[in-house]
Amino acid sequence: MGPHLGTHHVMNITYSDRIPNNVDLASDKMLQRALEHWQPQFLDWWREMGPEGSAGFDVYLRTAVSVDRAGWAQFGYVKMPDYRWGIFLNPIEPDRKIGFGAHRGEAAWQEVPGEYRSNLRRIIVTQADTEPASVEQQRHLGLTCPSMYDLRNLFQVNVEEGRHLWAMAYLLHRYFGRDGREEAEALLGRRSGDADHPRILGAFNETTPDWLSFFMFTFFTDRDGKFQLSALAESAFDPLARTTRFMLTEEGHHMFVGRNGVRRIIDRTAEVMVLEKTEDPERLRALGVIDLQTIQRYLNFHSSVTVDLFGSDLSSNAATFYTTGLKGRFREEHIADDHALKDATYPILEVANGELGGKDAPALNALNERLRDDFIRDSIAGVDAWNSVLQKHGVSFRLKVPHKAFNRKIGPLAGISVSPQGQIVSAAEWEANVRQWLPTERDREFVQSLMGRVVTPGKFANWISPPASGINGQPVECDYVRFD
Ligand SMILES: [Fe+2]
Ligand SMILES: [Fe+2]
């Protein structure tokens with residue numbers, strides 16, 4: 001039995017609108033025209049860089065048609081180029097006050113203050129650039145999906161990243177005039193991994209060549225998204241706060257895809273380990289499952305690359321963004337302090353006598369480090385949940401989030417070699433051990449060798465367990481993607 005086809009709910013958007021929205025686009029003709037000009041460029045980009053070969057597929061997708069409980073998750077079959085990339089902001093909160101920085105207690109801004117214009121634009125462009133980047137990084141994965149269920153989840157993530165790009169492009173067009181229009185066009189001009197026109201941030205120029213990478217990416221790098229968006233959700237610039245609050249609801253699903261994807265891989269490996277009474281990685285590879293050591297190396301790679309996204313541990317930009325009210329802390333209102341960080345300190349890492357140790361730094365300058373620590377705590381909780389799968393199977397191996405100084409490319413830690421356990425090592429020790437710590441060419445080739453296309457409803461590749469349940473109450477064996 002397939003899902004029902006009731007997709008034509010009429011909510012508080014008009015389906016005849018070319019750009020579904022809850023920002024009353026119709027009343028601003030200039031803005032509407034600007035976005036209608038950007039839309040075909042977006043579609044060109046999607047056709048060129050979106051999921052490969054998917055244009056004719058009917059996919060069982062969740063579409064946001066409004067921000068209320070009933071409207072933000074409408075399910076039905078959609079051809080992806082026809083997906084309604086709407087513009088939705090959380091409803092305005094009357095009398096919202098700024099929660100931190102020098103403007104604390106003042107009314108949140110509905111327009112961009114002139115003196116903060118370039119910093120705000122830079123913050124929005126940096127966030128916006130990650131959205132199309134991840135679509136580009138993931139565009140070949142549909143060709144090697146481990147199941148129809150997973151293929152559908154990949155496409156769901158892709159269209160929502162496309163919608164996030166729309167949300168950011170709206171802010172640029174609406175609030176930043178000509179500069180904003182140029183930035184919105186430039187977002188469609190850069191390409192992940194391109195030598196001449198790369199995406200802005202390092203992790204978004206890495207490839208996502210296989211499904212273990214994809215699940216690790218959605219676990220770690222979409223979690224970076226959660227923490228960046230949470231910090232922007234505190235912004236004094238109210239339209240940015242409202243936009244990112246709505247984006248966070250979708251980010252939750254992306255992390256679910258990663259968390260459950262890796263959990264199902266671990267579950268399958270552990271099942272075979274017990275069945276065949278072996279812990280030998282080579283034997284497990286021969287049996288067609290991914291050994292836990294390889295999973296750990298992928299974890300180390302994606303964790304460290306993502307940890308770098310938070311930037312340098314001490315940053316005067318971060319201090320400025322906070323003091324001027326542009327970017328807050330994770331759950332700002334739950335923190336019991338002066339929300340100005342005048343004399344506060346925060347511990348950062350430094351090397352003393354050949355060892356890593358803590359050192360107090362001005363909290364205002366250490367905000368990147370604080371957000372990074374919040375992120376790492378959240379990652380550790382997710383990895384603990386994976387370990388409980390191993391425990392349930394009676395397997396003693398445990399996965400571990402590497403030390404935050406491991407494999408860093410940004411900040412003062414970039415110059416030193418640190419083991420996943422947090423010990424400073426010599427260049428020779430690094431060389432001798434790096435094949436145990438980070439994925440090798442051989443690991444990547446092995447994982448790649450498992451990637452085949454499984455699209456029979458209810459069937460799963462050998463190296464991954466089926467999910468506990470399907471999407472939106474549908475059975476696991478539902479035909480989530482209909483090919484033409
Ligand atoms: Fe996103
Ligand atoms: Fe995401």
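Atoms within a ligand are numbered from 1 in the order they appear, just like the ligands themselves.
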Sequence-distant partners of D58, salt bridge (charged side-chain N to carboxylate O under 4.0 Å, His left out), two or more places apart: K79
Test of ring centre spacing under 6.0 Å for F42 and W38: yes
Distance below 2.8 Å from the Fe ion (ligand 2): protein N/O/S atoms: E161 OE2, D222 OD2, E251 OE2, H254 ND1
Residues that R117 engages under salt bridge (charged side-chain N to carboxylate O under 4.0 Å, His left out), provided they are two or more places apart: none
Flag if over 12 foreign heavy atoms under 6.0 Å of NE2, H197: no
Pair listing, side-chain hydrogen bond (donor to acceptor under 3.5 Å, both in side chains) test, anchored in residues 308-321, at least two apart: D308-R408
Salt-bridge criterion met for E185 and R190 (N-O under 4.0 Å): no
